[in-house]
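Reviewing the structure listed below.
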Amino acid sequence: MSGLELMNSKNLTLVVREKTPSISVDKSERVNLLLNDHNIDTDIVSCKASELNVTVLDSKGEESKPHLISDQLITKWNPKTKKF
């Protein structure tokens with residue numbers, strides 16, 4: 001997959017299982033992205049998105065705490081600090 005784009009979405013949970021270079025979230029509310037070890041380095045671009053959360057599933061399928069993503073940012077995972 002070359003990328004994923006969400007526009008005008010409300011109350012959506014998206015589980016990303018395969019490697020995806022970028023995810024764009026535009027004009028959306030209450031979006032939950034679930035990523036895993038294979039796609040943790042995905043670039044997340046958000047604009048006019050409220051309540052955008054990213055949760056990482058570990059190899060056992062257990063969730064980490066949700067990371068709230070601010071509006072109009074490019075967000076990247078830092079493997080050293082294990083934070084977005």
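Heavy atoms only: backbone and side chains are in, while hydrogens, waters and symmetry mates are out.
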In Å, rounded to the nearest 0.5 Å, how long is the span from CG of Asn78 to CG of Asp41? 12.0 Å
With sequence neighbours excluded, residues passing side-chain contact (heavy atoms from CB on, under 4.5 Å) with Ser22: Asp43
Listed by chain and number, what are the side-chain contact (heavy atoms from CB on, under 4.5 Å) partners of Asp37, not counting sequence neighbours? Ser59
Under 3.5 Å, which donor-acceptor pairs link side chains of residues 27-36 to any protein atom two or more places apart or in another chain?
{"unit_1": "Ser28", "atom_1": "OG", "unit_2": "Ser9", "atom_2": "N", "d": "3.1"}
{"unit_1": "Ser28", "atom_1": "OG", "unit_2": "Asp26", "atom_2": "O", "d": "3.0"}
{"unit_1": "Asn36", "atom_1": "OD1", "unit_2": "His38", "atom_2": "N", "d": "2.9"}
{"unit_1": "Asn36", "atom_1": "OD1", "unit_2": "Asn39", "atom_2": "N", "d": "3.3"}
{"unit_1": "Asn36", "atom_1": "ND2", "unit_2": "Arg17", "atom_2": "O", "d": "3.3"}

Tell me the closest heavy-atom pair linking Val25 and Ala49, and the distance in Å. CG1-CB, 3.9 Å
Minimum heavy-atom separation for His67 and Trp77, please, with both atom names. NE2-CZ3, 4.3 Å
Is the shortest side-chain heavy-atom distance between Phe84 and Leu68 below 4.5 Å? no
Quick check on the hydrophobic clustering: are Val54 and Met7 connected, directly or via other members, by side-chain heavy-atom contacts under 4.5 Å? no
With respect to Val16, which candidate in Leu57, Ile23, Ile40 satisfies the side chain to side chain contact (heavy atoms under 4.5 Å, CB included) definition? Ile23
pair Leu4-Thr42: side-chain heavy atoms closer than 4.5 Å: no
